[in-house]
Amino acid sequence: MTAFAFVFPGQGSQAVGMLDAWGEHPEVSLALKEASDALGEDVGRLIKEGPKEALALTTNTQPVMLVAGVAAWRVWRAEGGALPSVVAGHSLGEYSALVASGVLTLAQAAPLVRFRAAAMQEAVPVGTGAMAAILGMAADQVIAGCAEAQAAFAAGSGEVVEAVNFNDAAQTVIAGSKAAVEKACEVLKANGAKRALPLPVSAPFHSSLMKPAADKLREKLAATALAPPQIPVINNIDVSVESDADRIRDALYRQAFGPVRWVECVKAIKARGVATLVECGPGKVLAGMTKRIDAELTGAAIYDPASLAEVKTLLA
């Protein structure tokens with residue numbers, strides 16, 4: 001069988017009804033029940049009925065994306081799918097990867113990501129933070145443009161803008177305070193970026209403004225038992241594989257207010273002799289990024305029974 005990796009998407013890929021295509025698959029039903037029991041609410045109903053606005057609230061988005069990724073993973077394994085050589089997750093998706101690897105159970109992870117989400121939203125009230133995707137510009141130029149924009153504000157103003165998601169060679173996401181992000185979009189377009197697209201998110205994820213949330217998360221992580229990984233997990237923050245529980249906790253803590261180094265994660269997966277990355281969960285965002293990061297790599301996705309069958313054929 002072809003060596004392959006599983007990668008798990010983060011916020012942004014959620015959609016009402018995103019698990020409908022699996023029908024009444026027992027593994028999906030069981031994953032929804034475990035998450036619902038752990039959170040004390042009907043997660044399946046939220047995913048099936050929405051509304052879209054409810055799914056877009058980060059306190060809901062994070063747990064529903066977790067369970068959607070884990071559900072697809074469990075279906076893959078139940079249907080005879082082989083274990084990947086390595087797993088990784090984009091931003092929040094790292095928690096799905098850790099469940100797949102056996103470090104966390106779904107019952108542990110669901111309340112943990114909801115806590116993470118609530119702490120993030122509390123750290124920066126809705127409307128005061130922002131994120132934007134910068135297209136058609138190299139990452140180093142985006143970093144320089146953010147510094148230029150932030151310098152336009154008085155020292156001590158509290159205005160912050162940083163590059164936080166390195167998604168591919170021509171797409172970098174920035175985050176920070178609303179005014180600073182808006183200023184950076186102006187600067188970056190003037191400096192040659194093709195587009196600067198504001199993102200419909202409720203907080204400036206992965207920016208230094210998330211540090212207070214990360215500090216709360218660190219306490220929660222300290223009280224969470226972690227099992228040894230059964231599959232190597234490449235983390236976002238250091239692009240490294242950790243097996244020590246305290247080092248995994250520390251990486252998750254720093255990930256909350258540090259950048260998602262996805263380009264480097266994909267390159268690290270390739271360096272392990274893997275040529276096929278399979279996105280596990282709703283959407284095909286990471287599969288598309290894979291091809292843009294390295295044309296030699298194959299990106300595929302599992303989000304329904306038909307795509308699962310296609311991936312089995314691809315890897316055979």
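The structure displayed is predicted, hence computed values, not measured ones. FYI, the numbering just counts along the sequence from 1. Reckoned from all heavy atoms, side chains included, excluding hydrogens, waters and symmetry mates.
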> Is a donor on one side and an acceptor on the other found under 3.5 Å between the side chain of S13 and the backbone of P9?
Replying inline: no
> Do Q108 and T224 get their side chains close enough for a donor-acceptor pair, meaning under 3.5 Å?
Replying inline: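 Distance-only check fails for Q108 and T224.
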> Is a side-chain donor-acceptor pair under 3.5 Å present for N165 with R261?
Replying inline: no
>> Between Q11 and S91, does the side chain to side chain donor-acceptor pair (under 3.5 Å) criterion hold? Intermediate values first, please.
In response: CA-CA 8 Å; Q11 296 190 108; S91 183; 5.7 Å; no
> Is the charged tip of R218 near the ring of Y253: under 6.0 Å from the six-membered ring centre and within 45° of its axis?
Replying inline: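 Yes, cation above the ring, under 6.0 Å and within 45°.
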> Just wondering, do Y95 and L252 contact through their side chains at under 4.5 Å, heavy atoms?
Replying inline: yes
> Looking at K216 and A119, what are the two nearest heavy atoms and their distance?
Replying inline: CD-CB, 4.2 Å
> Is a side-chain donor-acceptor pair under 3.5 Å present for E242 with S240?
Replying inline: yes
> Are the charged groups of D246 and R249 less than 4.0 angstrom apart, N to O?
Replying inline: yes
> Would you call R114 and P63 a side-chain contact if the rule is heavy atoms closer than 4.5 Å?
Replying inline: yes
>> Taking side chain to side chain contact (heavy atoms under 4.5 Å, CB included) as the criterion, tell me which of L277, I269, V263 meets it with I293.
In response: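 With I293 as partner, L277, I269, V263 yield a single side chain to side chain contact (heavy atoms under 4.5 Å, CB included), made by V263.
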>> For A35 versus V67, what's the shortest heavy-atom pair and its separation?
In response: CB-CG2, 3.8 Å
> Checking N235 side chain against V239 main chain: does a donor-acceptor pair fall under 3.5 Å?
Replying inline: yes
> Backbone N or O of L209 within a donor-acceptor pair of the S207 side chain at under 3.5 Å?
Replying inline: yes
> Looking at CE of M289 and NZ of K284, how far apart are the two atoms once the value is rounded to the nearest 0.5 Å?
Replying inline: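 Rounded to the nearest 0.5 Å, the CE-NZ separation comes to 15.0 Å.
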> Are any of the side-chain nitrogens in E148 or K183 under 4.0 Å away from the carboxylate oxygens of its partner?
Replying inline: no
> Does the pair Y303 and W22 meet the rule for a ring-ring contact (aromatic ring centres under 6.0 Å, His included), with working shown?
Replying inline: CA-CA 8 Å; Y303 48 85; W22 293 115; 8.3 Å; no
> From S96 OG over to H90 NE2, what is the distance, rounded to the nearest 0.5 angstrom?
Replying inline: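 Rounded to the nearest 0.5 Å, the OG-NE2 separation comes to 13.0 Å.
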> From L197 CG over to Q171 CD, what is the distance, rounded to the nearest 0.5 angstrom?
Replying inline: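 Spacing of CG (L197) from CD (Q171) equals 8.5 Å.
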> Using 4.0 Å as the upper bound for N to carboxylate O, is an ion pair formed by K291 and D168?
Replying inline: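 Salt bridge absent between D168 and K291.
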> If you take all heavy atoms of A175 and V181, which pair is closest and at what distance?
Replying inline: C-CG2, 3.7 Å
> Do the charged groups of K178 and E159 touch, with an N to O distance under 4.0 Å?
Replying inline: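 No.
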> Less than 4.5 Å apart, any side-chain heavy atom of E94 and any of Q255?
Replying inline: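 Of all side-chain heavy-atom pairs linking Q255 with E94, at least one is under 4.5 Å.
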> Does the side chain of P282 come within less than 4.5 Å of M65's, by heavy atoms?
Replying inline: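 The answer is yes; the side chains approach within 4.5 Å.
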> Do F257 and H206 touch side chain to side chain, with heavy atoms closer than 4.5 Å?
Replying inline: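 No, every pair of side-chain atoms sits at 4.5 Å or beyond.
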>> So which atom in A287 and which in E279 form the shortest heavy-atom distance, rounded to 0.1 Å?
In response: N-OE1, 2.9 Å
>> When you compare the side chains of E41 and S36, does any donor N or O come within less than 3.5 Å of an acceptor on the partner?
In response: no
> Is V43 reachable from L112 through a run of I, L, V, M, F, W or Y residues, each pair having side-chain heavy atoms under 4.5 Å apart?
Replying inline: yes
> Is it true that K270 and D294 have a side-chain N and a carboxylate O under 4.0 angstrom from each other?
Replying inline: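 A salt bridge is present here (some side-chain N lies under 4.0 Å from a carboxylate O).
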> Does a sphere of radius 6.0 Å around NZ in K220 hold more than 12 heavy atoms from other residues, nucleotides or ligands, not counting ones at 6.0 Å or beyond?
Replying inline: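 Not more than 12 within 6.0 Å, no.
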>> With no hydrogens and no angle check, just 3.5 Å: does a side-chain donor-acceptor pair link Q121 and S202?
In response: yes
>> Hydrophobic cluster membership, with links at side-chain heavy-atom distances under 4.5 Å among I/L/V/M/F/W/Y: are V99 and L286 in one?
In response: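 No, separate clusters.
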> For the residue pair W76 and F6, does the interplanar ring angle fall in the parallel (under 30°), tilted (30 to 60°) or perpendicular (over 60°) class?
Replying inline: tilted
> Between the main-chain N or O of Q230 and the side-chain N or O of S101, is there a donor-acceptor pair closer than 3.5 Å?
Replying inline: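 Confirmed, S101 side chain pairs with Q230 backbone.
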>> side chain to side chain contact (heavy atoms under 4.5 Å, CB included), that's the test. Do V28 and V75 meet it? Break it down for me.
In response: CA-CA 7 Å; V28 176; V75 173; 3.6 Å; yes
> Just how far is it from atom CD1 of I231 to atom OG of S85, taken to the nearest 0.5 Å?
Replying inline: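 So the gap between those two atoms works out to 9.5 Å.
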> So how far is it from E34 CD to L39 CG, rounded to the nearest 0.5 Å?
Replying inline: 11.5 Å
>> Is there a continuous path of hydrophobic side-chain contacts, each under 4.5 Å between heavy atoms, that joins V173 to V7?
In response: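 Different hydrophobic clusters.
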> Between E79 and R74, is there a salt bridge with N-O shorter than 4.0 Å?
Replying inline: no
> What about L92 and V201, same hydrophobic cluster or not, with Ile/Leu/Val/Met/Phe/Trp/Tyr joined at side-chain heavy-atom distances under 4.5 Å?
Replying inline: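 Yes, L92 connects to V201 through the hydrophobic network.
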>> If hydrophobic clusters are built by linking Ile, Leu, Val, Met, Phe, Trp and Tyr wherever their side-chain heavy atoms come under 4.5 Å apart, do L221 and L66 end up in the same one?
In response: yes
> Side chains of R116 and Q62: donor-acceptor distance under 3.5 Å anywhere?
Replying inline: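 Result is yes, a qualifying pair exists.
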>> Quick one, N167 with R292, criterion side chain to side chain donor-acceptor pair (under 3.5 Å). Give me CA distance, side-chain angles, the key distance, then yes/no.
In response: CA-CA 9 Å; N167 288 337; R292 293 194 297 273; over 6 Å; no
> Considering all heavy atoms of both residues, which atom of L106 and which atom of P111 are nearest to each other, and what is their separation?
Replying inline: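 The pair with the smallest heavy-atom distance is O-CD, 4.4 Å.
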> Do Q150 side-chain atoms and V160 backbone N/O form a donor-acceptor pair below 3.5 Å?
Replying inline: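 Not confirmed, Q150 side chain does not pair with V160 backbone.
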> Looking at CG of L32 and CG of L19, how far apart are the two atoms once the value is rounded to the nearest 0.5 Å?
Replying inline: 5.5 Å
> Just by modelled atom types, is the G89 backbone N or O under 3.5 Å from a matching donor or acceptor in the N236 side chain?
Replying inline: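 Yes; judged by distance alone, with no hydrogens or angles, the pair exists.
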> With a 4.5 Å limit on heavy-atom distance, are the side chains of V124 and M210 in contact?
Replying inline: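 SC-SC contact between V124 and M210 confirmed.
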>> So, applying side chain to side chain contact (heavy atoms under 4.5 Å, CB included) with V16, which one of V64, L55, L46 is it?
In response: L55
> For I174 and C185, which heavy atoms make the closest approach, and how far apart are they?
Replying inline: CD1-SG, 4.3 Å
